[in-house]
Amino acid sequence: MNSARSWFVWGIGAIAYIVAVLHRSSLGVAGPAAAERFEVQAALLSTLGAVQVGVYAAMQIPVGVLLDRFGPRMLIASGAAVMVVGQSMVALADDLPLAVAGRVLLGIGDAATFISVIRLQAGWFSGPILAQMSQWTAVCGQLGQLLSTVPFVWLLAQVGWTLSFGTLAVVGVVVLALVLLLVFDSPPGGTPPTGTIDLPEGWWPRLQTAFRQPGTRLGFWTHFSLLSTTNVFLLMWGFPMLVEGLGFAPAQAAGFMSIVVFTGMVVGPLLGITTARFPLRRSTLVLCIVGLVIAAWSVVLIWPGHPPTWLVIALVVVLGIAGPGSTVGFDFARTSNPLRLLGSANGVVNIGGFIAAFAIIPVVGIVLDVVHTVRVRAGEAVGLYDWDGFRIAFAFQLVILVLGFAMVVRMRRITRSRLRDEGIEVAPLWQAIANRMRRRGE
C-alpha cells in the first residue's frame, strides 16, 4: 500500500480520467462550430450538452452498483471503449441526431470513469493520504479540461470538425489499451473492507445502506451545490457567453476558461490537505465556498452593462475553487461507508452536480431563445447570444445554488447528530478557534 506501484496504477487511472474529461468538455469549446455545422439555435444546441450530462447523471447509480460488483479496472476499460465509439460518431455526424447519439455514448462511458478511479485509489492507498488523493484525481480532470480549452481549440480551427474529434477517438483507443494492460483493482492479497456497518446481500439493499448514511447524502448536496455551475460554464455555456455575450476573442475566452482549470489545480491539493487535517470542519469549508459562488455570480449578473474584465476574472477564479470544492463530497462518502459500498456511495455523490447541471443547461438555452425572439419582435437588432439574454438565463443558477446551500446545512445538522450519538462532539467553529489559541498560549 502507498508504494511506487500504487502511484503507477493510479497514474494510469488518472490518465483515463484526463481523457474522459477531454471527451466531455470538447463540445464546450466547440459550441459556435456546432451551431454552424448543425444549423441549430441555442435551445437545440443545448441538447448536445444536456443529453450527455443527463445520461452521465442517470448512469451514476448503475455504475456505482456495477463498480462494487466488477471492480474499477473493468469499469474504466468499458467506459473508455464506449467513449471511443461515441466520439467517433460525433466526428462523423453531419446532422444533430447522430451527434446526440454520440454524446449519449460519451455520457455513458464518462459516467464509469471518475468514481472508478476514486475506488481504484481506495484499493491501492490507505491512511490520511486518501483525502488528498481524491483532490489529485480531480486535478487530473482539470488537465483534461485544459487540453480542451487550448490544444483542442487550436486543432479544431486548423483541421476542422471531423479530424479534431476523430483524433480524440484515437486517443481513447490508446487509453483503453493502457488500462487493460497495466491497471489492477488492488495489490496482491486485496484490500480489507473498512467501516463499521454490516453489509446486506444484494445490490439494492447495499445501495439503500449507502444512501442512508448521512455522510453520503451530505456528499451528494456538496457535489450538487459546487459542481453544477462550473459544469454549466465549462461544458456548454461559458465559451459562448464569453465570446458572443461579452465580446471577447476566442483566444481570450480560452484563456479565461484556462484560469478555471489552473485555479482548480492549485486549490485542489490545498483543499485535500485541509480536509485531511480538519475532517470535522469539511462542511464549514463547503458552505463558505458555496456562499462565495453565490456572491460572485450575483455581482456579475447585476453589474450595469457588461461586467469589467477584472470581474470576469474574479468569477472564473471562484468557479475554479468550486470544482475541487465539490470533491469534498467524496470524502464525506469515504469516511461514512465501508470499501465494499464505496462504489454505490460515490455514485450517489457524483450524481448531484450533474443532476443540477442537467437542469440548468437546457433552461439557459430556452431562455436565450425566448429573450432573442422577444427582442427581435420588438424591433431590436440583437444576436442570438446576447449578454442581456445570458444575464437572465444564468440567474436560474442562483435558485440551484441557494437550494444546495440550504440542503448542505440540513444534512450537516443530521450528520453531526449522528456523530454525537457516537460520542463525537463538534464544537462551534469560534469555540474551536478559541480553544486552539488558548492551547498555544499555554
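Residues take their numbers from the sequence shown, with the count starting at 1. Computed from a prediction, not measured in an experiment: that's the story for all the values here.
Between I351 and M59 the shortest side-chain heavy-atom distance does not fall below 4.5 Å. Using a 4.5 Å heavy-atom cutoff, the side chains of L398 and S298 are in contact. Looking at F233 and T230, their side chains never come closer than 4.5 Å, going by heavy atoms from C-beta outward. By the 4.5 Å heavy-atom criterion applied to side chains, P324 and V139 are not counted as neighbours. A 4.5 Å side-chain heavy-atom check between L242 and M257 finds at least one atom pair inside the cut-off. A heavy-atom distance below 4.5 Å is not found between the side chains of V232 and M236. Residues M241 and L246 are in side-chain contact: their nearest non-hydrogen atoms beyond the backbone lie under 4.5 Å apart.
Applying the ring pair (Phe, Tyr, Trp, His ring centres under 6.0 Å) definition to pairs two or more places apart or across chains, those involving residues 314-349 are F114-F330, H223-F330. Sorted pairs that involve residues 315-324 and meet side-chain hydrogen bond (donor to acceptor under 3.5 Å, both in side chains), not counting sequence neighbours, are lacking altogether.
Side-chain contact of T284 with R412: a donor-acceptor pair under 3.5 Å is present, judged by distance alone. A side-chain N or O of T137 and one of W10 form a donor-acceptor pair less than 3.5 Å apart. Side-chain polar atoms of N337 and Q213 form no donor-acceptor pair below 3.5 angstrom. Residues S228 and Q397 bring no donor and acceptor atom of their side chains to less than 3.5 Å of each other.
The closest donor-acceptor contact from the side chain of W124 to the backbone of P187 lies at 3.5 Å or more, if one exists at all. Listed for the T216 side chain is a donor-acceptor partner under 3.5 Å among the backbone atoms of A210. For the pair Q87 (side chain) and F165 (backbone), a donor-acceptor distance under 3.5 Å is absent. Side-chain N or O atoms of D185 include none that pairs as donor or acceptor with a backbone N or O of G71 at under 3.5 Å. A donor-acceptor pair under 3.5 Å is formed between the side chain of R282 and the backbone N or O of P279. R217 places a side-chain N or O within donor-acceptor distance of the main-chain N or O of R212, the cut-off being under 3.5 Å. In this structure, the side chain of S225 engages the main chain of G404 through a donor-acceptor pair within 3.5 Å. Checked by atom type and distance alone, the side chain of S78 never pairs as donor or acceptor with a backbone atom of L75 at under 3.5 Å.
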Checklist entry - Between D68 and R206, does a side chain to side chain contact (heavy atoms under 4.5 Å, CB included) hold up when you go through it step by step? => result CA-CA 10 Å; D68 287 333; R206 291 193 176 192; 5.7 Å; no
Next on the checklist: Checking L207 against I61 for the side chain to side chain contact (heavy atoms under 4.5 Å, CB included) test, could you report, in this order, the C-alpha distance in whole Å, the side-chain angles of both residues, the deciding distance, and whether it holds?
Outcome noted: CA-CA 8 Å; L207 178 61; I61 299 302; 3.4 Å; yes
Checklist entry - Hey, mind stepping through F248 and F239 against ring pair (Phe, Tyr, Trp, His ring centres under 6.0 Å) and telling me if it holds? => result CA-CA 10 Å; F248 291 105; F239 201 81; over 10 Å; no
Next on the checklist: Would D386 and H372 count as a side chain to side chain contact (heavy atoms under 4.5 Å, CB included) here? Give the steps.
Outcome noted: CA-CA 8 Å; D386 181 73; H372 177 260; over 6 Å; no
Checklist entry - Run the side-chain hydrogen bond (donor to acceptor under 3.5 Å, both in side chains) check on T113 and S116 step by step: do they pass? => result CA-CA 5 Å; T113 307; S116 297; over 6 Å; no
Item to check | Trace of the side chain to side chain contact (heavy atoms under 4.5 Å, CB included) decision for V266 with F262 | outcome: CA-CA 6 Å; V266 173; F262 283 121; 5.6 Å; no
Item to check | Stepwise ring pair (Phe, Tyr, Trp, His ring centres under 6.0 Å) check, F125 with W7 | outcome: CA-CA 9 Å; F125 294 89; W7 286 98; 5.1 Å; yes
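Here the closest heavy-atom approach between residue S283 and residue R416 is recorded as OG-NH2, 3.8 Å. Across every non-hydrogen atom of A77 and L180, the tightest pair is CB-CD2, 3.7 Å. Minimum interatomic distance between T327 and S134 (heavy atoms only, all atoms of both residues): CG2-O, 3.6 Å. Annotation for A99 and V90: closest pair O-CG2, 3.9 Å, computed over non-hydrogen atoms. Across all their heavy atoms, L106 and M83 have their closest contact at CD2-O, 3.5 Å. The heavy-atom pair separating G219 from V349 by the smallest distance is O-CG1, 3.5 Å.
Every residue two or more places apart in sequence or in another chain that forms a ring pair (Phe, Tyr, Trp, His ring centres under 6.0 Å) with F224 is listed here: W221. With sequence neighbours excluded, the residues that form a side chain to side chain contact (heavy atoms under 4.5 Å, CB included) with L178 are I12, V174, L182. Residues passing the side chain to side chain contact (heavy atoms under 4.5 Å, CB included) test with R69, sequence neighbours excluded: none. With sequence neighbours excluded, no residue forms a ring pair (Phe, Tyr, Trp, His ring centres under 6.0 Å) with F405. Every residue two or more places apart in sequence or in another chain that forms a side chain to side chain contact (heavy atoms under 4.5 Å, CB included) with V84 is listed here: S88, V173. Checked against ring pair (Phe, Tyr, Trp, His ring centres under 6.0 Å), W297 has the following partners two or more places apart in sequence or in another chain: F394. A search for ring pair (Phe, Tyr, Trp, His ring centres under 6.0 Å) contacts involving F220 returns nothing, not counting sequence neighbours. Shown here are the side chain to side chain contact (heavy atoms under 4.5 Å, CB included) partners of A359, two or more places apart in sequence or in another chain: there are none. Contacts of R391 classified as salt bridge (charged side-chain N to carboxylate O under 4.0 Å, His left out), with partners at least two apart in sequence or in another chain: D388.
Checking each of N231, N350, D110 against Y56 for a side-chain hydrogen bond (donor to acceptor under 3.5 Å, both in side chains) leaves exactly one that passes, namely N350.
Annotation: the span from L280 atom CG to T275 atom OG1 amounts to 12.0 Å, rounded to 0.5 Å. Distance CZ/R281 to CG/L287: 12.5 Å, rounded to 0.5 Å. Of the inter-residue distances, the one linking I400 atom CD1 with I294 atom CD1 reads 11.5 Å to the nearest 0.5 angstrom. Here the CD-OG distance, from Q145 to S26, works out to 9.5 Å after rounding to the nearest 0.5 Å. For the atom pair CZ of R103 and NE2 of H23, the computed distance is 10.0 Å after rounding to the nearest 0.5 Å.
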With a 3.5 Å cut-off and sequence neighbours excluded, list the donor-acceptor pairs that the side chains of residues 299-323 form with protein atoms.
none

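Around the CH2 atom of W387, the shell of radius 6.0 Å holds more than 12 heavy atoms that belong to other residues, nucleotides or ligands. Residue-environment remark: CE (M407) exceeds the threshold of 12 foreign heavy atoms within 6.0 Å.
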